[in-house]
Amino acid sequence: MPTDGLNETTATSETAPSNFIRDIIIRDIQNGKNDGRVHTRFPPEPNGYLHIGHAKSICLNFGLAKDFGGKCNLRFDDTNPSKEETEYVDSIIKDVRWLGFDWEDRIFYASDYFEQLFQWAVQLIKQGQAYVCDLTADQVRETRGTTTEPGIESPYRNRSVEENLDLFHRMRAGEFPDGSRTLRSKIDMASPNFNMRDPVMYRILRAEHHRTGNDWLIYPMYDYAHGECDSIEGITHSICTLEFEDHRPLYDWYVKSLGIHQPQQIEFDRLNITNTMLSKRKLLLLVQKGFVSGWDDPRMPTLSGIRRRGYTPEAIRNFCGSIGVSKSNGVIELALLEHHIREDLNKRARRVMAVIDPIKVVIDNYPEGQTEEHIAPNHPDAPEMGERAVPFSKVLYIERDDFREVPPPKYPRLYPGQEVRLRYAYFVKCVGVEKDENGEVTVVHCTYDPASRGGDSPDGRKVKSTIHWVSAEHALNFEARLYENLLLEDAPQSEDLATQLNPNSLVVKANAKIEPSAKGSAPNTHFQFERVGYFNVDLDSTDEKLVCNRTVQLRDAWAKIEKKAK
RNA sequence: UGGGAGAUCGUUCAAUGGUAGGACAGCAGACUCUGACUCUGCUUAUCGGGGUUCGAGUCCCUGUCUCCCAGCCA
């Protein structure tokens with residue numbers, strides 16, 4: 001049986017459309033900049049799990065490198081030990097690989113460069129471009145100025161090079177308490193760009209680092225570290241999101257002051273998707289507060305979450321390739337992501353019949369105790385995927401929604417007096433119902449036409465619809481987990497997450513039925529439950545109990561018709 | 001009200017001074033043993049006002065709107 005979990009690593013063959021970053025690279029190559037090299041990097045901070053927004057950046061960086069015959073590094077931006085953990089490093093490695101990208105031996109960490117970064121800071125001190133400041137965090141903030149007023153220069157700004165060197169080395173040696181001093185760049189307290197108002201380069205922080213342990217008591221800030229890390233690795237195009245536009249002058253200031261290789265920072269728009277939370281901070285909150293079962297809850301937009309949900313790397317790559325890259329911050333419709341997962345799963349998912357919300361059907365004229373098998377293809381358009389036998393007997397289950405005692409106008413499915421086709425089996429006609437004391441239909445009685453075996457009547461008569469079914473005696477009981485958006489359609493703009501969450505984001509159908517061929521399916525096997533949706537086998541599934549996640553529903557024209565009727 | 005960035009179909013990305021195009025969504029139809037898939041057709045856009053030009057989404061001026069920035073986070 002084909003399982004495709006972590007083995008789906010074939011690269012996308014999409015022809016990439018033009019975008020402004022490609023234009024820049026093409027121009028750079030033409031001008032012989034960087035000797036025509038293209039070298040990018042994907043630089044996550046290991047402080048959480050990767051989500052679909054990161055997938056855009058991953059596909060962009062690795063994709064650009066591939067398309068231009070260059071390289072792309074994986075680098076962990078681990079300069080803040082108080083937030084970072086090995087668990088996150090491991091998950092990021094797994095997720096990038098799962099998405100189908102390869103960094104060969106180029107996996108790096110900002111922490112690999114701590115000593116070099118320290119030496120460069122010393123160089124900047126010697127050049128008179130950095131100083132040790134004794135102001136507290138509050139004082140730094142108070143003296144930073146406002147949008148209309150310049151900041152106030154620190155009283156420690158003009159310390160001698162010798163004193164700065166001495167103090168900075170003593171910061172490293174642990175002579176001062178956390179937060180008592182910082183190393184700052186001496187730039188311009190009057191700059192209209194706050195990032196240039198003597199930004200902090202190093203802070204004193206006694207926290208165990210997931211890689212360097214307690215070797216360091218001072219840690220470089222992102223702004224100080226990032227350009228140099230890029231420079232060390234020979235990065236040519238340092239691609240990041242729009243909010244770093246204001247940081248670019250500082251990025252350039254450091255590499256220029258140091259006289260080292262200068263990568264070009266290019267900013268693009270972060271991915272936003274309707275009704276989808278793509279903030280690491282908020283996702284962490286969802287996990288911590290128990291609103292979801294974990295980072296890999298199938299409702300999460302994390303790569304581990306959507307992987308568990310049944311999304312494939314191909315679908316995600318195709319999606320990322322189709323959304324484009326620009327500098328305007330837009331919001332992609334969730335429907336586009338769903339389109340790509342349907343498109344991919346339609347090609348690969350084995351068809352199977354499963355009934356999510358069963359209602360019993362008795363074929364009155366079918367012999368008691370008799371069983372027969374009907375042959376069904378595993379994929380309507382892919383004969384090479386084979387076929388399987390589906391057992392049929394007197395008592396069946398069909399979808400509750402496929403029967404109406406009183407049909408609405410134009411209802412094509414089963415109702416008293418109406419004949420439909422049981423897929424791959426027989427024509428059946430509803431001849432009556434049984435009800436419980438509440439008037440609820442409990443059993444639907446039908447008769448079948450033995451001549452229609454296989455699903456077609458020799459007299460050429462047509463039916464309006466074909467419905468799916470399972471044999472009650474042979475079907476496997478299973479648990480279907482149906483997902484909707486985690487966020488409410490009209491989520492209030494509030495910091496209180498609870499008020500924004502959809503109470504129906506997970507509906508468990510513990511009494512669902514599936515044809516026996518699904519027995520023993522491995523986790524992450526993709527199925528199309530015909531006429532219902534794409535599902536995959538969940539991690540929680542065991543030999544005794546099959547558990548399936550609804551990845552995405554099939555497009556449903558009838559639902560639209562019904563909605564309009566209301 | 002300082003600085004930075006952006007504005008093209010409902011959404012999103014193209015069009016690099018020369019026929020405004022694709023994808024998704026929507027609508028209509030064909031096909032169908034999945035109201036799925038597939039196929040066909042259709043609707044809909046250059047933020048406003050000036051200017052340059054034979055010709056402007058693209059260049060210039062001006063206005064409007066949106067997003068980002070005052071962490072010892074990244």
Side-chain angles (χ1 to χ4, degrees), chain A residues 17-20 23 43-45 47 77-80 82-84 110 133 135-138 140-142 144-151 178-184 191-197 199-205 218-219 221-223 225-226 240-249 267 269 274 280-281 319 322-340 342-343 346-347 351 353 376 380-381 412-413 420-425 427 454-456 462-468 528-534 553-561:
Chain A
S18 158
N19 67 53
F20 78 101
D23 293 345
E45 183 188 16
N47 67 343
D77 223 334
D78 55 349
T79 57
N80 183 0
S82 60
K83 287 186 173 179
E84 298 153 6
C133 180
L135 256 26
T136 64
D138 283 346
V140 169
R141 186 175 352 100
E142 285 157 13
R144 190 154 13 231
T146 67
T147 51
T148 49
E149 306 158 47
D178 284 8
S180 61
R181 285 174 222 260
T182 56
L183 183 72
R184 291 226 258 166
S191 171
N193 181 347
F194 286 105
N195 295 120
M196 303 301 273
R197 319 247 263 222
V200 171
M201 295 164 64
Y202 273 91
R203 72 279 214 187
I204 304 172
L205 185 60
I218 56 173
Y219 289 93
M221 299 286 291
Y222 164 87
D223 281 312
H226 202 88
C240 62
T241 43
L242 248 27
E243 67 269 26
F244 291 102
E245 279 175 326
D246 288 341
H247 296 242
R248 187 173 356 112
E267 308 86 10
D269 65 317
T274 54
K280 260 195 196 175
R281 185 180 62 83
F319 169 72
S322 74
I323 55 181
V325 183
S326 73
K327 287 179 87 79
S328 61
N329 25 19
V331 185
I332 303 288
E333 287 176 349
L334 186 58
L336 184 61
L337 216 209
E338 293 183 337
H339 162 76
H340 283 284
R342 285 194 191 102
E343 180 182 66
N346 179 48
K347 283 184 285 189
R351 269 56 171 177
M353 290 196 285
D381 309 315
R413 281 118 82 166
V420 301
R421 175 190 293 112
L422 294 178
R423 190 152 164 86
Y424 303 124
F427 283 8
D456 278 306
K462 301 288 184 200
V463 288
K464 284 221 181 67
S465 73
T466 299
I467 64 175
H468 58 101
Q528 185 199 91
F529 292 173
E530 291 203 77
R531 303 206 309 125
V532 177
Y534 294 100
Q553 287 174 279
L554 254 31
R555 277 173 57 107
D556 187 351
W558 172 250
K560 277 181 207 161
I561 294 166

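Naming convention: chains lettered A, B, ... in sequence-line order (proteins, then strands); numbering from 1 in each chain.
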Do the side chain of [X] and the main chain of [Y] share a donor and acceptor less than 3.5 angstrom apart?
X: A:Lys327; Y: A:Glu267; answer: yes
X: A:Thr241; Y: A:Glu243; answer: no
X: A:Asp269; Y: A:Ser326; answer: yes

Interatomic distance, [X] [atom1] vs [N] [atom2] [rounded to whole Å]:
X: A:Phe20; N: B:A5; atom1: CZ; atom2: P; result: 13 Å
X: A:Trp558; N: B:C37; atom1: CH2; atom2: P; result: 17 Å
X: A:Leu422; N: B:U34; atom1: CG; atom2: P; result: 13 Å
X: A:Asn19; N: B:U16; atom1: CG; atom2: P; result: 15 Å
X: A:Lys464; N: B:U32; atom1: NZ; atom2: P; result: 16 Å
X: A:Glu530; N: B:U32; atom1: CD; atom2: P; result: 17 Å
X: A:Asp381; N: B:A36; atom1: CG; atom2: P; result: 14 Å
X: A:Arg531; N: B:U32; atom1: CZ; atom2: P; result: 18 Å

*Any chance you could measure A:Glu333, atom CD, to A:His339, atom NE2, to the nearest 0.5 Å?*
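A:Glu333 CD to A:His339 NE2: 13.0 Å, rounded to 0.5 Å.
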*Roughly how far, to the nearest 0.5 Å, is the CG atom of A:Asp456 from the CZ atom of A:Arg421?*
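Output value for this atom pair is 5.0 Å.
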Taking the side chain as every heavy atom from C-beta outward, state whether [X] and [Y] have any pair of such atoms under 4.5 Å apart.
X: A:His226; Y: A:Pro43; value: yes
X: A:Ile204; Y: A:Ser180; value: yes
X: A:Asp138; Y: A:Arg141; value: yes
X: A:Tyr534; Y: A:Leu554; value: yes
X: A:Leu336; Y: A:Ile323; value: yes
X: A:Ile467; Y: A:Leu422; value: yes
X: A:Tyr219; Y: A:Thr79; value: no
X: A:Leu135; Y: A:Arg184; value: yes

_With nearest nucleotide decided by heavy atoms, which residue, A:Glu245 or A:Asp456, maps closer to the 5′ end of RNA chain B?_
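Nearest-nucleotide comparison on RNA chain B picks A:Glu245.
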*Return the 5'-most residue of the pair A:Val331, A:Lys462 with respect to RNA chain B, ranking by each residue's nearest nucleotide.*
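The 5'-side residue here is A:Val331.
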*Summarise protein proximity over nucleotides 23-29 of chain B in one line of letters, 5' to 3': B for base, S for sugar-phosphate only, - for none, counting protein heavy atoms closer than 4.0 Å.*
-SSSSS-
How is [X] classified with respect to the nucleic acid when contacts are heavy atoms under 4.0 Å: base, sugar-phosphate, or nothing?
X: A:Val463; answer: nothing
X: A:Gly330; answer: sugar-phosphate
X: A:Val325; answer: sugar-phosphate
X: A:Glu338; answer: nothing

Work out how far the [atom1] atom of [N] is from that of [M], and round it to whole angstrom.
N: B:U58; M: B:G17; atom1: C1'; answer: 7 Å
N: B:U8; M: B:C65; atom1: C1'; answer: 16 Å
N: B:U38; M: B:G18; atom1: P; answer: 35 Å
N: B:A45; M: B:A5; atom1: P; answer: 31 Å
N: B:A74; M: B:U34; atom1: C1'; answer: 48 Å
N: B:G21; M: B:G4; atom1: P; answer: 36 Å
N: B:A56; M: B:G3; atom1: C1'; answer: 30 Å
N: B:G57; M: B:G49; atom1: P; answer: 13 Å

*Pick one for B:G21: is it syn, with its angle within 90° of 0, or anti?*
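Anti, angle beyond 90° from zero.
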*Hey, does the side-chain of A:Ser328 have a donor or acceptor N/O within less than 3.5 Å of a partner on the base of B:U12?*
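No, no donor-acceptor pair under 3.5 Å.
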*State plainly whether the residues A:Arg423 and A:Glu530 are in salt-bridge range, i.e. N to O under 4.0 Å.*
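Between A:Glu530 and A:Arg423 there is a salt bridge, with a charged N closer than 4.0 Å to a carboxylate O.
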*Out of B:U12, B:A14, B:G2, which has the shortest distance to the side chain of A:Ile332?*
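Among the listed nucleotides, the one closest to the side chain of A:Ile332 is B:U12.
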*Would you please enumerate the stems RNA chain B participates in, each stem being three or more consecutive Watson-Crick or G-U wobble pairs with both distances under 3.5 Å?*
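So far as stems of 3 or more pairs are concerned, RNA chain B shows B:2-7 with B:64-69, B:10-13 with B:21-24, B:26-30 with B:38-42, B:47-51 with B:59-63.
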I'd like a list of close polar pairs between nucleotides 68-74 of chain B and the protein, N/O only, cut-off under 3.5 Å.
| residue | atom | partner | partner atom | Å |
| --- | --- | --- | --- | --- |
| B:A70 | O2' | A:Arg144 | NE | 2.8 |
| B:G71 | OP2 | A:Arg144 | NH2 | 3.2 |
| B:C72 | OP1 | A:Arg144 | NH2 | 3.2 |
| B:C72 | OP2 | A:Arg144 | NH1 | 3.2 |
| B:C72 | N3 | A:Gly179 | O | 3.2 |
| B:C72 | N4 | A:Leu135 | O | 2.7 |
| B:C72 | N4 | A:Ala137 | N | 3.1 |
| B:C72 | N4 | A:Gly179 | O | 3.0 |
| B:C73 | OP2 | A:Arg203 | NE | 3.0 |
| B:C73 | OP2 | A:Arg203 | NH2 | 2.9 |
| B:C73 | O3' | A:Arg203 | NH2 | 3.2 |
| B:C73 | O2' | A:Asn80 | ND2 | 2.9 |
| B:A74 | OP1 | A:Thr79 | OG1 | 2.7 |
| B:A74 | OP1 | A:Arg203 | NH1 | 3.3 |
| B:A74 | OP1 | A:Arg203 | NH2 | 3.0 |
| B:A74 | OP2 | A:Tyr222 | N | 2.9 |
| B:A74 | O3' | A:Asp77 | OD2 | 3.4 |
| B:A74 | N6 | A:His247 | NE2 | 3.3 |

